[in-house]
Amino acid sequence: MESTWFFLVYACCMAASCLTTAAQTNISTDQSALLALKAHITSDPHNLIFTNWSTNTPVCNWVGVTCGARHLRATALNLSYFGLQGSIPPQLGNLSFLVDIDLRNNSFQGPLPPELARLRRLKFISFGFNKFMGIIPTWFGSLSKLQTLSLYGNKFSGSLPKAIFNLSALEVISLSYNQLSGTN
Ligand SMILES: *[C@@H]1O[C@H](CO)[C@@H](O)[C@H](O)[C@H]1NC(C)=O
Ligand SMILES: *[C@@H]1O[C@H](CO)[C@@H](O)[C@H](O)[C@H]1NC(C)=O
Ligand SMILES: *[C@@H]1O[C@H](CO)[C@@H](O)[C@H](O)[C@H]1NC(C)=O
Ligand SMILES: *[C@@H]1O[C@H](CO)[C@@H](O)[C@H](O)[C@H]1NC(C)=O
Ligand SMILES: *[C@@H]1O[C@H](CO)[C@@H](O)[C@H](O)[C@H]1NC(C)=O
Ligand SMILES: *[C@@H]1O[C@H](CO)[C@@H](O)[C@H](O)[C@H]1NC(C)=O
C-alpha cells in the first residue's frame with residue numbers, strides 16, 4: 001500500500017517536472033527564433049537587422065523587437081517597410097509570447113510554416129504587400145485572440161478557411177490582391 005502511494009506520488013512528480021521542462025522557455029528561445037529568421041533573410045538593403053540583431057546586444061534592444069514588461073519576452077515584431085527579402089523559418093513559431101507581427105511591405109516569399117499556429121497569443125497579423133504564397137492556412141482559425149488579419153497584396157491562392165468565421169475577436173480582415181477563389 002505504502003509503496004503504491006510512493007509510486008503514485010513519484011509518478012505525479014515526474015509528470016509535473018516533465019510538463020515544467022516542456023514549458024520552460026526563456027528569452028534565449030526568442031533569440032534563437034529571431035536569429036533563425038535573420039538567417040533566412042537574403043537581402044536587407046538598409047542594413048537594419050544584419051548588424052543590429054547581434055548576440056552582443058540584448059534581444060529586447062533589437063530594432064523591430066518589442067518585449068513585454070512582465071515576462072521580458074518578445075511581444076511584438078515589426079519589420080514593416082524594411083525592404084527585406086527572404087522567407088519565414090519554422091522557428092518563428094517559438095516566439096510564444098508574440099502578440100503583434102507586422103511584416104507589411106517587404107518581399108518575404110514562400111508559404112507560411114505551420115509552426116506559426118503555435119502563436120496562440122497573436123492579436124495582430126499583417127503580412128500585407130509581400131510575396132507569400134500557398135493556400136490560406138486553416139490554423140488562422142485556431143488563433144482565438146486574433147483581431148486583425150491582413151494578407152492583402154500577396155500570392156495566396158485557394159479559398160478562405162471556414163474556421164476564420166469562428167474567430168469572435170476578429171475585427172479586421174483584408175485579403176485583397178491575392179489569387180483567391182470562392183469561400184469554402
Ligand atoms: C534559458 O533556458 C536554458 C535551458 O533551460 C538555459 O540553459 C539558459 O541558461 C536560460 N537562459 C536565460 C537567459 O535564462
Ligand atoms: C539597434 O537598433 C535599436 C533601435 O533602432 C537601437 O536603439 C540600438 O542602439 C541598435 N543597436 C545596435 C547595436 O546598433
Ligand atoms: C509597425 O511600424 C509601422 C511603421 O513604424 C507602424 O505604422 C505600425 O503601426 C507598426 N505596427 C504595429 C502592429 O504596431
Ligand atoms: C524551436 O523551433 C524549432 C522548429 O520548429 C524546433 O526544432 C526547436 O527545438 C524549437 N525550440 C527551441 C527552444 O528553440
Ligand atoms: C507598400 O507596397 C506597395 C506594393 O508594392 C506599394 O504600392 C506601396 O507604395 C508601399 N508603401 C510604402 C509606404 O512603401
Ligand atoms: C465553429 O464553431 C462551432 C461552434 O463552436 C463549431 O461547431 C464548428 O465546428 C466550428 N467550425 C469550424 C470550421 O471550426
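All values derive from a computational prediction rather than experimental measurement. Note that ligands are numbered from 1 as they come in the structure, with each ligand's atoms numbered from 1 the same way. The first residue in the sequence is number 1, and the count goes up from there.
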Would you mind listing which atoms of ligand 3 come within a distance below 4.0 Å of any non-hydrogen atom of [X]?
X    : value
N78  : 1 (C), 2 (O), 3 (C), 8 (C), 10 (C), 11 (N), 12 (C), 14 (O)
F124 : 13 (C)
S80  : 1 (C), 2 (O), 3 (C), 4 (C)

Close-contact set for ligand 4 against [X] heavy atoms, below 4.0 Å:
X    : value
T29  : 13 (C)
E115 : 5 (O)
N94  : 1 (C), 2 (O), 3 (C), 8 (C), 10 (C), 11 (N), 12 (C), 14 (O)
R118 : 5 (O)

Determine whether a donor-acceptor pair (N or O, by modelled atom type, separation under 3.5 Å) exists between the side chain of [X] and the backbone of [Y].
X    : Y    : value
S80  : R104 : no
K123 : D100 : no
N94  : L92  : no
N106 : G83  : yes

At under 4.0 Å between heavy atoms, which part of Q31 makes contact with ligand 4: side chain, backbone, both or neither? neither
Among non-hydrogen protein atoms, atom 13 (C) of ligand 1 lies closest to S28 OG, 3.6 Å
Ranked by distance from atom 9 (O) of ligand 3, the top protein heavy atom is R104 NH2, 4.3 Å
Provide the number and element of each atom of ligand 1 under 4.0 Å from a heavy atom of N26. 1 (C), 2 (O), 3 (C), 8 (C), 10 (C), 11 (N), 12 (C), 14 (O)
Joint cluster assignment, L98 & L35, ILVMFWY side-chain distance < 4.5 Å: yes
Do any nitrogen or oxygen atoms of D100 come within less than 3.5 Å of a nitrogen or oxygen of ligand 3? no
Answer yes if a protein heavy atom lies under 4.0 Å from atom 5 (O) of ligand 3, otherwise answer no. no
Does the protein come close to atom 11 (N) of ligand 3 - that is, does one of its heavy atoms sit below 4.0 Å from that atom? yes
Nearest heavy-atom approach of L116 to G93 is CD2-N, 3.9 Å
Side chains of T66 and N78: does their closest heavy-atom pair fall under 4.5 Å? no
To the nearest 0.5 angstrom, please state how far the CG atom of L37 sits from the CG atom of L84. 8.0 Å
Classify the angle between the aromatic ring planes of W62 and W53 as parallel (below 30°), tilted (30 to 60°) or perpendicular (above 60°). parallel
